[in-house]
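Computation of the quantities below employed the complete heavy-atom set of this structure, encompassing side-chain atoms and omitting hydrogens, waters and symmetry-equivalent molecules.
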Amino acid sequence: GAGVSQSPSNKVTEKGKDVELRCDPISGHTALYWYRQRLGQGLEFLIYFQGNSAPDKSGLPSDRFSAERTGESVSTLTIQRTQQEDSAVYLCASSFAQTLSGNTIYFGEGSWLTVV
Amino acid sequence: GDSVTQMEGPVTLSEEAFLTINCTYTATGYPSLFWYVQYPGEGLQLLLKATKADDKGSNKGFEATYRKETTSFHLEKGSVQVSDSAVYFCALSDRRGSTLGRLYFGRGTQLTVWP
């Protein structure tokens, strides 16, 4: 597609339920990122995929959070046993392979998650 | 660790006023620096970037200069427009091998421009 596509755009879920958020990166982009943005806060890094390398999971806040990516395409972020503090916008971004000078990273519009 | 601190908002200006949004960073080594903008109802977009000291990024009348001596990357615009109303995020990209490409963001600064 023309840009990074995320679904669902909005999700309301009950505390304790699992949710899956999907990201379709720009075609040809080998790098894919997940960030979280809580209300009034900056963006928190969650996880980074780069080609076939092991992902950088250092930003995942707990073992309830996991993410997968199939090859260089779609990624799914899964949150198990959701808690109210998980309510946030989850942003996906992609870019061509990162270099020392930095390639432009393109963001999707985000998935708004509300845990009630 | 690497981090970005940017000016707290919100910032409210009249059209044609001068804008400065301060951003300072802490990093090991020499990161790349970015300003992203998020217009109402839209995703984050890259506004400008600079990859080495003394570089100036510019776009849509906005400018920011990479100042290594003051570890700053302040965003400026000489004459803002109503259409510039958005949230602005300063960010840095780590250049170290193990975390290459990871972006660290500031908290964002809400700008509102009145006609």
Can you say whether the rings of A:Tyr48 and A:Phe45 are parallel (under 30°), tilted (30 to 60°) or perpendicular (over 60°)? perpendicular
Quick one: what part of B:Gln45 sits under 4.5 Å from any heavy atom of chain A, side chain, backbone, both or neither? neither
Pick whichever of B:Val87, B:Leu44, B:Val4 has the most heavy-atom pairs under 4.5 Å with chain A. B:Leu44
Can you confirm whether more than 12 heavy atoms, excluding those of B:Glu15, are under 6.0 Å from its CD atom? yes
Are B:Gln6 and B:Thr109 linked by a side-chain donor-acceptor pair shorter than 3.5 Å? yes
Using heavy-atom distances under 4.5 Å, tell me whether A:Gln37 contacts chain B through its side chain, its backbone, both, or neither. side chain
Could you check B:Tyr39, B:Phe73, B:Phe62, B:Trp35 and say which one makes a ring-ring contact (aromatic ring centres under 6.0 Å, His included) with B:Tyr88? B:Phe62
